[in-house]
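The structure appears right after this line, and notes come after that.
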Amino acid sequence: MAHIESADRPERLSVEHRVLSGVRVVMLRGEIDHDVQDVLSQALLAEDTTVPLRVVADLSGVTFMDSSGINVFVAAYQQATDTGGWVRIAGAQDSVLRVLQLVGVDTLIPCHPTTEQALAS
């Protein structure tokens with residue numbers, strides 16, 4: 001049943017990028033699960049690992065996230081740490097924030113109410 005649903009809704013996750021003061025802000029909208037794991041990886045992980053990865057992931061438009069998303073965020077955190085950079089999460093809705101807190105991702109990756117607060121930290 002999930003495959004049929006996925007086929008009917010191929011654009012389940014939309015991604016927009018912008019750069020503010022050298023920080024990549026990734027605005028995500030939709031649902032994060034196994035079907036969009038590759039899209040999320042491309043959005044968060046850097047191809048050039050010689051420069052510090054500094055990313056704010058704006059999750060204000062994300063309505064669902066499962067362990068697939070958690071795995072990508074942990075990989076982004078590890079890559080950022082390895083390059084001397086960082087990853088921050090902004091605007092996670094309560095249901096998504098609960099998932100992050102349940103598995104302890106919020107102890108690795110700072111979670112902020114807004115993108116502006118994440119950028120200012």
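Heavy atoms only: backbone and side chains are in, while hydrogens, waters and symmetry mates are out.
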Point to revise | Side-chain (R88) to main-chain (A118) donor-acceptor, under 3.5 angstrom | key: yes
Point to revise | Nearest-0.5 Å distance, CG of residue D38 to CD of residue Q42 | key: 6.5 Å
Check your understanding: Sub-3.5 Å donor-acceptor pair from the side chain of Q93 to the main-chain atoms of S60, do we have one?
Key -> yes
Practice item. Side-chain contact test, heavy atoms from C-beta onward, threshold under 4.5 Å: evaluate it for V25 versus L119 and give yes or no. Key: yes
Check your understanding: Is it the case that one hydrophobic cluster holds both V103 and I32, taking links as side-chain heavy atoms less than 4.5 Å apart, direct or via other members?
Key -> yes
For residues 65-81, dump all side-chain donor-acceptor pairs below 3.5 Å to protein atoms at least two apart in sequence or in another chain.
{"from": "D66", "atom 1": "OD1", "to": "S68", "atom 2": "N", "distance (Å)": "2.9"}
{"from": "D66", "atom 1": "OD1", "to": "S68", "atom 2": "OG", "distance (Å)": "3.3"}
{"from": "S68", "atom 1": "OG", "to": "H34", "atom 2": "N", "distance (Å)": "3.3"}
{"from": "N71", "atom 1": "ND2", "to": "S67", "atom 2": "O", "distance (Å)": "3.3"}
{"from": "Q79", "atom 1": "OE1", "to": "A46", "atom 2": "N", "distance (Å)": "2.8"}
{"from": "Q79", "atom 1": "NE2", "to": "A46", "atom 2": "O", "distance (Å)": "3.2"}
{"from": "T81", "atom 1": "OG1", "to": "Y77", "atom 2": "O", "distance (Å)": "2.9"}

Check your understanding: Is it the case that one hydrophobic cluster holds both L13 and L45, taking links as side-chain heavy atoms less than 4.5 Å apart, direct or via other members?
Key -> no
**Study point:** Considering all heavy atoms, the nearest V62-V96 contact
**Key:** O-CG2, 3.6 Å
All N/O donor-acceptor pairs, side-chain side in residues 15-24, below 3.5 Å, sequence neighbours left out:
{"from": "R24", "atom 1": "NH1", "to": "A43", "atom 2": "O", "distance (Å)": "2.6"}
{"from": "R24", "atom 1": "NH2", "to": "L44", "atom 2": "O", "distance (Å)": "3.4"}

**Study point:** Same apolar cluster: W86 and L28, side chain cutoff 4.5 Å
**Key:** no
Check your understanding: In terms of hydrophobic clustering (I, L, V, M, F, W, Y; side-chain heavy atoms under 4.5 Å; direct or indirect links), are V36 and V105 co-clustered?
Key -> yes
Practice item. Would you give the length of the straight line joining atom CD1 of I89 to atom CG of L59, rounded to the nearest 0.5 angstrom? Key: 5.5 Å
Check your understanding: Out of curiosity, does V56 fall in the hydrophobic cluster containing L108 (side-chain heavy atoms, cut-off under 4.5 Å, transitive links)?
Key -> no
Exercise for review: Spell out, as yes or no, whether a donor-acceptor pair under 3.5 Å connects the side chain of T115 to the backbone of D58.
Suggested key: no
Check your understanding: Can you name the nearest heavy-atom pair linking D106 to C111, along with the distance?
Key -> CB-SG, 3.9 Å
